[in-house]
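For reference, the structure discussed in these notes is given below.
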Amino acid sequence: MAKTIIYQLLPRLYSNINTTRRHDGTIEENGCGKLNEINDAALENIASMGVSHVWYTGVIRHASTTDYAFISKKSNANVVKGKAGSPYAICDYYDIDPDLATDVDKRMDEWKALVERTHAHGMKVIMDFVPNHVARAYHSDVRTDTPQLGEGDDTTKNFSPNNNFYYISGQDFHSPVDNLDEAYVENPAKASGNDAFTSHPSAYDWYETAKLNYGKDYSNGTHHFEPRPDTWNKMRDILLYWVQTGIDGFRVDMAEMVPVEFWRWVIAQVVNRHPHIKFIAETYDIGRYEDYIKAGFNLLYDKVNFYDTVRAITTGAMSASELTHVWHVNGHVGRNMLYFLENHDEQRIASDFYATDAVKGRPGYILALTMGKGSTMMYAGQELGEKGMDEEGFSGRDGRTTIFDYWSVDTLCRNANGLKYDGEALTDDERALRAWYAKVNNVAQKYESLATGEFYDLMWINQHIWVDASKLYAFLRYSGRERMLIAVNFTNSQRRAILRIPADAWQLMGSTWNECIQPYDLLGNAIYIGGRESVNKIKERGLEVVIPAHDGVILSF
C-alpha cells in the first residue's frame with residue numbers, strides 16, 4: 001500500500017504568471033490562474049515529486065468583486081473579503097468559479113478536462129466541500145429546478161428545523177466594512193459562519209458568510225434531526241453532483257462545525273453509491289477524532305497535535321521528546337491522521353513569523369511522512385521555500401499566501417516559467433529544496449513499512465545518551481522484512497549520535513542475534529560508522545551515525 005501524499009494548490013495562484021502584483025489589484029491588473037493552464041507539464045512536475053493526490057482549492061464559484069454578466073445576484077463589496085474573495089464564501093454550489101476559466105461558457109468542461117488530465121498523470125483529485133456556511137449573496141444560477149437555500153425559510157424565527165439559515169429576527173445586518181458607494185441590505189440579518197449570532201459581526205468574524213442550519217438550536221443546544229432537515233438533503237445532492245465530474249474525494253472545510261450525525265448519514269449516502277470517494281475532515285478537537293472517523297471520514301487534520309508540536313520544536317519552543325506524546329495520542333487513530341507543515345491557513349515555514357528558512361522545515365517534513373500510518377499533505381510553494389511575505393491587499397504581510405486577492409506567487413511563477421513548468425527560472429537553492437522534497441516523498445511511496453508498518457519509539461532508551469536529546473528524535477518502522485530506523489536533527493549543525501535499539505525491538509522486527517545487517521540510508525545523508533555487523537553487536541553498541549543539520553536519515557536494514 002503506497003503512502004498518500006496530497007499536494008494542495010489554488011488554481012487562482014498556481015498557474016498565474018502575471019507579475020504586475022499591484023496591491024489590492026483587480027483581475028484585469030494582476031491576472032488569475034486558469035484551470036487550462038494547469039497543463040500536462042504542470043501535472044508531470046507535481047507527479048514527479050511522488051504526489052498521489054492533488055487538492056484543488058477554490059474551484060467552486062465564490063463571492064468576488066469581479067462582475068460577470070450571467071450572475072443574477074452580484075456580490076456586494078461590503079460582504080466580500082478582498083477583490084478575489086474567499087474561496088470559502090460559496091455563492092453557487094453547482095458552478096465552477098468563472099475566474100478560473102479560459103472560456104467562461106465552458107468552465108465546467110474545463111474542470112472535467114483538468115480532472116481527466118490529473119488522472120492521466122497517475123494522481124487522484126480532491127476538491128473542497130464547504131458545508132458550514134455560504135456567501136451572504138448565495139444564489140445558484142446553475143441549479144434552478146429546486147428551491148434556493150433560504151427560499152421558504154420562516155425568517156420570523158431565529159431557529160426552525162426547516163430553515164436553511166439562522167436569523168437575528170427583526171434586525172438589519174451591519175457589515176464591519178463600510179462601502180458607502182454600495183450599500184448592502186439584509187433583513188433580517190443571518191448569523192455568520194463562525195457561529196457569530198449577531199447582526200453586528202466584527203471585522204474578525206466571518207462576516208462575509210451566513211451559517212447553514214443542520215437542525216441544531218444553538219440557543220439551547222437541542223438537536224432536531226427527525227424529520228430530516230432540508231439542509232441535509234440539499235447538501236447530499238451537492239456532493240453527488242460533484243462526484244459525477246470524476247473526482248475522487250472531498251476535503252471538508254470546518255467539519256466540526258456541522259453536527260456529526262449529518263456526516264454519519266451523508267457520507268454513507270455518497271459512499272454506498274460511489275465506494276471510491278474519500279472524505280478528509282478539517283478538524284481541531286483531538287477529543288472528537290474518533291467520532292468523525294466512526295462517521296466515515298478517511299482522514300482528519302492533525303493540526304493541534306502534530307502540526308503545533310512540530311512547529312514548536314522547529315522554532316525552539318519545545319523539546320523533540322514531545323513527539324512521543326504525539327505518537328501516544330494518535331496510536332489508535334494513526335492511520336486516519338493527515339500530517340502537514342503548511343496549508344492555506346498556516347504561515348509559511350520560511351516566513352519571518354515561523355522559521356525564516358525553508359530548510360528548517362525538513363526534519364519536520366520527514367516526520368510527517370514517516371512517523372505514522374496516515375497521510376501527508378504539502379502546499380504549493382512549500383517545496384520551493386516560498387516565504388509568504390507579500391502584502392497583497394486584503395491579506396496583509398502575515399506569513400501566509402493570500403486566498404483573498406488576485407495575485408501571483410513569485411516562486412510558483414518562476415517554477416511555471418511561462419507555463420513550461422520546467423523550473424528553469426528557479427534559484428539553485430530552490431531547485432535543491434524541490435529535489436529534496438521529491439526524494440523523501442518518493443522514498444515514502446516506495447516502502448510499505450513507512451505507510452502501514454508498526455512504530456517503535458526509541459527516545460526512552462536514547463534520550464539520556466544524546467547531548468541534544470531536545471533536538472533529535474528517533475524511532476523504528478517495520479513491516480514484514482522491511483526494517484527502518486528514522487532519526488531527525490532539528491539543529492543547525494550535523495550531529496553524531498549512537499542510536500541504541502533494545503532487544504525487544506529486534507525481536508518485534510523478527511531479527512535473530514546472529515543475523516548480519518548493513519544499514520543503508522535511503523536519503524543518502526547518513527555517514528554510518530561501521531560496516532556489515534551482526535544484530536547482537538549492534539544491540540550491544542548501538543548504531544553510530546552522523547545526521548546532517550536540519551535533516552534526517554532513513555536507515556534501511
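Side chains are part of it too, since the values below use all heavy atoms of this structure and drop only hydrogens, waters and symmetry mates.
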| said: For the residue pair Asn18 / Thr20, report whether a side-chain donor-acceptor contact shorter than 3.5 Å exists. | reply: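 Their side chains do contain a donor-acceptor pair, which is all the 3.5 Å distance test asks for.
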| query | Is a side-chain donor-acceptor pair under 3.5 Å present for Glu182 with Tyr184? | reply |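 There is no such pair between these side chains.
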Heavy-atom closest contact ([X] atom, [Y] atom, distance):
| X | Y | result |
| --- | --- | --- |
| Cys32 | Leu100 | SG-CD2, 4.2 Å |
| Leu341 | Tyr307 | O-CE1, 3.2 Å |
| Phe475 | Leu367 | CE2-CD2, 3.5 Å |
| Ile46 | Met123 | CG2-SD, 3.8 Å |
| Asn336 | Asn298 | ND2-O, 3.0 Å |

| field | Heavy-atom side-chain proximity of Ile280 to Leu338 below 4.5 angstrom | value |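 Ile280 vs Leu338: side chains touch.
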So is [X] actually on top of [Y]'s ring, under 6.0 Å and inside 45° of the axis?
| X | Y | value |
| --- | --- | --- |
| Lys83 | Tyr406 | no |
| Arg107 | Phe70 | yes |
| Lys81 | Tyr207 | yes |
| Arg311 | Tyr354 | yes |
| Arg136 | Phe173 | yes |

| task | Kindly determine whether Tyr14 and Tyr56 satisfy ring-ring contact (aromatic ring centres under 6.0 Å, His included), including the steps that lead there. | result | CA-CA 10 Å; Tyr14 188 78; Tyr56 293 107; 8.7 Å; no
| message | I'd like to know if the side chain of Asn164 and the backbone of Gly150 have a donor-acceptor N/O pair within less than 3.5 Å. | response |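 Yes; judged by distance alone, with no hydrogens or angles, the pair exists.
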| Under 3.5 Å, side chain of Glu386 to main-chain N/O of Gly381, donor-acceptor pair present? |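 The answer is no, because no donor-acceptor pair under 3.5 Å joins these two groups.
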| task | Verify the ring-centre separation between Tyr218 and Phe197: is it less than 6.0 angstrom? | result |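 Yes, close enough.
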| In terms of the angle between their ring planes, are Tyr138 and Tyr93 parallel, tilted or perpendicular, with boundaries placed at 30° and 60°? |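 The arrangement is tilted - the two ring planes meet at 30° to 60°.
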| Once the angle between the rings of Phe297 and Tyr292 is folded into 0 to 90°, is it parallel (under 30°), tilted (30 to 60°) or perpendicular (over 60°)? |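 Taking Tyr292 first and then Phe297, their aromatic rings sit tilted (interplane angle of 30° to 60°).
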Quick test of your reading of the model: are [X] and [Y] salt-bridged, counting only N-O distances below 4.0 Å?
| X | Y | value |
| --- | --- | --- |
| Asp24 | Arg22 | no |
| Asp357 | Lys360 | no |
| Arg288 | Glu256 | no |
| Lys211 | Asp195 | yes |

| request: Report the residue from Asp99, Asp128, Asp92 that forms a salt bridge (charged side-chain N to carboxylate O under 4.0 Å, His left out) with Arg61. | output: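 Testing Arg61 for a salt bridge (charged side-chain N to carboxylate O under 4.0 Å, His left out) against Asp99, Asp128, Asp92 leaves exactly one candidate, Asp92.
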Using the side-chain hydrogen bond (donor to acceptor under 3.5 Å, both in side chains) definition, which of the options [options] pairs with [X]?
| X | options | value |
| --- | --- | --- |
| Thr401 | Lys387, His344, Gln347, Arg348 | Arg348 |
| Tyr339 | Thr370, Asn330, Thr376, Asn305 | Asn330 |
| Arg414 | Asn417, Asp410, Thr411 | Asp410 |

